[in-house]
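Step one of this worksheet: look at the structure below.
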Amino acid sequence: MNRRERLENIIAILKKEYGESKVMLNYNTPFELLIAVILSAQCTDKRVNMVTKEMYKIVNTPEGFANMEVEEIEKLIKSTGFYRNKAKNIKQCSIDIIEKYDGKVPMNMDDLINLAGVGRKTANVVMGDITKEPEGIVVDTHVKRLSNRIGFVKTNNPIIIERELMKWVPKKYWFDYPNLLIRHGRAICKARKAECNKCGINEYCKKNI
DNA sequence: CTCCCGATAT
DNA sequence: ATATCAGGAG
């Protein structure tokens with residue numbers, strides 16, 4: 001079986017197990033999603049949802065964050081970690097969105113990654129969930145780990161992983177592939193203790209081929 | 001490459 | 001006690 005067939009089977013099985021692909025982060029607007037994804041760096045989405053639930057009652061617009069002191073934002077997001085960088089980025093990012101994009105989150109890769117605290121991963125997540133047509137493939141810690149374990153790539157460099165996957169993964173899967181791998185990575189194929197006995201795609205994994 | 005960093009699982 | 005969590009910037 002070639003890797004393309006393995007990919008098709010893996011996606012079909014995971015789709016059946018986890019259902020519709022969608023981020024687990026809670027949001028009501030593209031801007032709320034952008035901030036949630038910035039906060040999700042090295043932090044569980046569960047924690048991010050706890051923080052944003054309370055924070056968005058107080059501020060949930062670029063204008064709101066742009067007019068706040070960085071220290072105020074720090075207090076609101078402290079429990080997500082990296083809070084000094086994230087607070088500074090959220091404020092600058094909000095200012096940029098107001099000044100350069102008329103207060104609306106831009107929906108293309110070039111503009112998104114020029115925002116403070118936004119890299120390719122964050123941009124792909126936001127674009128993917130809003131438009132369902134990402135310009136690239138999200139490579140986070142789970143996609144990195146599972147892509148290596150399955151045997152699709154042999155590197156830990158996220159940029160190289162994305163470039164390699166984009167070469168042969170059909171574009172129609174650029175949204176589903178990372179979303180399903182992330183769900184599977186959190187539930188079964190975990191970093192610390194992978195539960196291979198419960199894994200539905202075990203026969204397509206590198207170690208069993 | 002290093003640094004940023006609190007919360008949680010193991 | 002240590003690894004890990006939907007990373008990004010310098």
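Letters go in sequence order (proteins before strands), and every chain restarts at 1.
Figure legend: cation-pi geometry between A:Lys78 and A:Tyr83, with NZ or CZ positioned under 6.0 Å from the six-membered ring centre and within 45° of its axis.
The distance from atom CZ of A:Arg47 to atom P of B:dC5 is 17 Å, rounded to the nearest whole Å. In this structure, A:Leu39 atom CG and B:dC5 atom P are separated by 13 Å, rounded to whole Å. Distance CG (A:Asn156) to P (B:dC1): 10 Å, rounded to an integer number of Å. One atom, CD1 of A:Ile90, and another, C1' of B:dC4, lie 14 Å apart when rounded to the nearest Å.
Note on ring orientation: taking the six-membered ring where Trp is involved, the planes of A:Phe152 and A:Tyr177 are tilted (angle from 30° to 60°).
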| request: Could you walk me through whether A:Lys167 and A:Glu164 pass salt bridge (charged side-chain N to carboxylate O under 4.0 Å, His left out), step by step? | output: CA-CA 5 Å; A:Lys167 281 182 190 170; A:Glu164 292 294 314; 3.4 Å; yes
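Counting heavy-atom neighbours within 6.0 Å of A:Lys171 NZ, excluding the residue itself, gives a total of 12 or less.
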| Taking protein heavy atoms under 4.0 Å as touching, what does nucleotides 4-10 of chain C look like 5' to 3' if B marks base contact, S marks sugar-phosphate-only contact and - marks none? | SBBBSS-
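Distance noted for atom P between C:dA6 and B:dT2: 24 Å (whole Å). Going from the P atom of C:dG8 to that of B:dA7 covers 22 Å, rounded to whole Å.
In terms of position along DNA chain B, the nucleotide closest to A:Lys78 lies nearer the 5' end than the nucleotide closest to the other residue of the pair A:Lys78 and A:Lys193.
Identified under the salt bridge (charged side-chain N to carboxylate O under 4.0 Å, His left out) test for residues 2-31 of chain A, with sequence neighbours left out: A:Arg4-A:Glu8, A:Lys15-A:Asp176, A:Lys22-A:Asp129.
The residues A:Asp111 and A:Lys100 are annotated as not salt-bridged, no charged nitrogen and carboxylate oxygen being separated by less than 4.0 angstrom.
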